[in-house]
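Values in this document were obtained by computation on a predicted structure and should not be read as measured data.
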2 protein chains.
Amino acid sequence: MPLEIKPSQALKLWRQVHLDLVRDHDADLSARQTAILLTVYLELPPHTVRGLAKQLGVTKPVITRALDTLGKLGLLTRKRDEADRRNVVIQRTVAGALAVERLADLVTEHAREIGGS
Amino acid sequence: MPLEIKPSQALKLWRQVHLDLVRDHDADLSARQTAILLTVYLELPPHTVRGLAKQLGVTKPVITRALDTLGKLGLLTRKRDEADRRNVVIQRTVAGALAVERLADLVTEHAREIGGS
DNA sequence: CGATAATGATACGGGTCCGTAACGATCGGG
DNA sequence: CCCGATCGTTACGGACCCGTATCATTATCG
């Protein structure tokens, strides 16, 4: 049973959520940062720099920089993989989980407001 | 009849669409640019710099710069208001309408893939 | 008229991000 | 062992965006 949503509803939803994100001056994440954050919190670990780079179709430095920023915001942490010390494992944080949850509520809330057919 | 969407579905949807946006290297709009674009295409004209700044809760230069970028991308145009030449009216373009439509399809498509309860 | 207000654009200093290229650290096979 | 391959990070030059303050242009109203 697919999730039914019409193009016009999709646009309204997208706009309302983006308006909220813009107005909330704290969390102005770029599309890349958002994609990384959600991937880490929705997909099964472990997450590595190279894996994220491949999934997003970007280069490794892009991931490194995004992790710097997300780490500075406390939404994610890095840990050296002791089994293979070349690897870095990206881990979730409490603050990150809260931020993701807040985003989910934001989308859900606006979806409800928009109303179905 | 509200648009039913669960938090977990909202997150999946948000992630999938952002993944597509990131992978599509052409259209990497910031949250602000996206909010502006959708506001112009969803709300009734006329749209002014001042009005958009107020709606988004940002300063006027932010809007001016975003319009510069969106204009360079061909998604929007500016026109002097002949009635009150202090004002600038933001107008839609064919390319902009196509981009918005593409975004709508992207969201709708991923919503269908995700599936309901 | 002239003074004031309003609008959008610009200048500036600072910050972030980009892509390419190089780097140090680490692992693994011969 | 050692040499190549792999991993994540850093260096660099350039582009973009930010917020504040200021600007030129235009309208309004006494």
Side-chain angles (χ1 to χ4, degrees), chain A residues 18-19 21-37 39-40 45-92 99, chain B residues 18-19 21-40 45-92:
Chain A
H18 275 270
L19 278 179
L21 291 178
V22 168
R23 290 196 262 241
D24 179 11
H25 288 35
D26 304 326
D28 54 344
L29 299 183
S30 71
R32 288 176 169 181
Q33 292 164 349
T34 303
I36 291 174
L37 188 69
T39 297
V40 171
H47 297 286
T48 64
V49 172
R50 123 192 130 275
L52 289 173
K54 189 169 183 181
Q55 276 196 67
L56 301 205
V58 297
T59 58
K60 286 189 296 176
V62 168
I63 303 296
T64 294
R65 280 187 296 254
L67 292 180
D68 288 343
T69 302
L70 293 173
K72 219 178 307 177
L73 294 174
L75 304 179
L76 241 43
T77 38
R78 276 183 275 204
K79 206 193 68 174
R80 207 95 222 172
D81 179 4
E82 292 303 331
D84 183 343
R85 293 187 51 78
R86 287 175 302 181
N87 291 342
V88 163
V89 191
I90 291 97
Q91 295 178 310
R92 305 167 188 177
Chain B
H18 275 270
L19 279 178
L21 291 178
V22 168
R23 290 196 263 241
D24 179 10
H25 287 36
D26 304 326
D28 55 343
L29 298 182
S30 70
R32 288 176 171 182
Q33 291 164 350
T34 302
I36 292 175
L37 188 69
L38 290 182
T39 297
V40 171
H47 296 287
T48 65
V49 172
R50 172 137 193 93
L52 289 173
K54 189 170 184 181
Q55 275 197 66
L56 301 203
V58 297
T59 58
K60 286 188 294 177
V62 167
I63 303 295
T64 294
R65 280 186 296 255
L67 292 180
D68 288 343
T69 302
L70 292 173
K72 220 179 305 179
L73 294 174
L75 304 179
L76 241 42
T77 39
R78 274 182 275 203
K79 205 192 70 175
R80 209 91 222 176
D81 178 2
E82 291 303 332
D84 184 341
R85 294 186 51 77
R86 286 175 303 183
N87 292 343
V88 163
V89 191
I90 291 97
Q91 296 178 308
R92 305 167 187 177

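Between K72(B) atom NZ and dC17(D) atom P there is a gap of 7 Å when expressed in whole angstrom units. The CZ atom of R85(A) sits 13 Å away from the P atom of dG28(C) (whole-angstrom rounding). Here dT20(D) presents its C1' atom at 16 Å from CD1 of I63(B), a figure rounded to the nearest Å. When rounded to the nearest whole Å, the span between CG of L56(A) and C1' of dC18(C) equals 15 Å. Distance, D81(B) CG to dG8(C) P: 9 Å, rounded to whole Å. Spacing between atom CG of N87(B) and atom C1' of dA24(D) amounts to 15 Å, rounded to whole angstrom units. Rounded to whole angstrom, the span from the NZ atom of K60(B) across to the C1' atom of dA11(C) amounts to 15 Å. Between the P atom of dT7(C) and the NE2 atom of H47(B) lies a distance of 17 Å, rounded to the nearest Å.
Of the possible polar contacts, none joining the R85(A) side chain to the R80(A) backbone as a donor-acceptor pair under 3.5 Å is found. R32(B) contributes no side-chain N or O that, together with a main-chain N or O of V22(A), makes up a donor-acceptor pair within less than 3.5 Å. Listed for the R86(B) side chain is no donor-acceptor partner under 3.5 Å among the backbone atoms of D81(B).
Of the two residues near DNA chain C, V62(A) and R80(B), the one whose nearest nucleotide lies more 5' is R80(B). Projected onto DNA chain D by closest heavy-atom contact, P61(B) and A66(B) fall at different nucleotides, the more 5' of which corresponds to A66(B). Across the interface with DNA chain C, nearest-nucleotide mapping of G51(B) and T59(A) shows G51(B) to be the residue nearer the 5′ end.
If you check dG8(D), dT9(D), dC18(D) against the side chain of T48(A), the one that comes closest is dG8(D). The D84(B) side chain lies nearest to dA27(D) when the options are dG8(D), dA27(D), dA25(C). Proximity note for R50(A) (side chain, C-beta onward) versus dC7(D), dT10(D), dA21(D): the nearest is dC7(D). Minimum atom distance to the side chain of V88(B) is reached by dG8(C), of the listed dT26(C), dG8(C), dC7(D). Minimum atom distance to the side chain of T64(A) is reached by dT9(D), of the listed dA27(D), dT9(D), dT7(C). The side chain of T69(B) has dC17(D) as its nearest neighbour among dT26(D), dT16(C), dC17(D). Listed nucleotides dT20(C), dC27(C), dT16(C) differ in distance to R86(A); the shortest reach to its side chain belongs to dC27(C).
Rounding to the nearest 0.5 Å gives a distance of 5.5 Å between OG1 of T39(B) and CD of Q55(B).
Residue R65(A) places a side-chain atom within donor-acceptor reach of the base of dG19(C), judged by atom type and a 3.5 Å distance cut-off alone.
Contact between the side-chain N/O atoms of R32(B) and the OP1/OP2 oxygens of dC18(D) is found at a separation under 4.0 Å. For dT7(C), the OP1/OP2 oxygens have no side-chain nitrogen or oxygen of R78(B) closer than 4.0 Å.
For the side-chain contact (heavy atoms from CB on, under 4.5 Å) test with L76(B), the passing option among L37(B), T69(B), D68(B) is L37(B); the others fail. Paired with L29(B) under the rule side-chain contact (heavy atoms from CB on, under 4.5 Å), one option of I36(B), L21(B), L73(B) passes, and it is L73(B).
Counting non-hydrogen atoms under 4.0 angstrom, Q33(B) reaches the backbone sugars and phosphates but no base.
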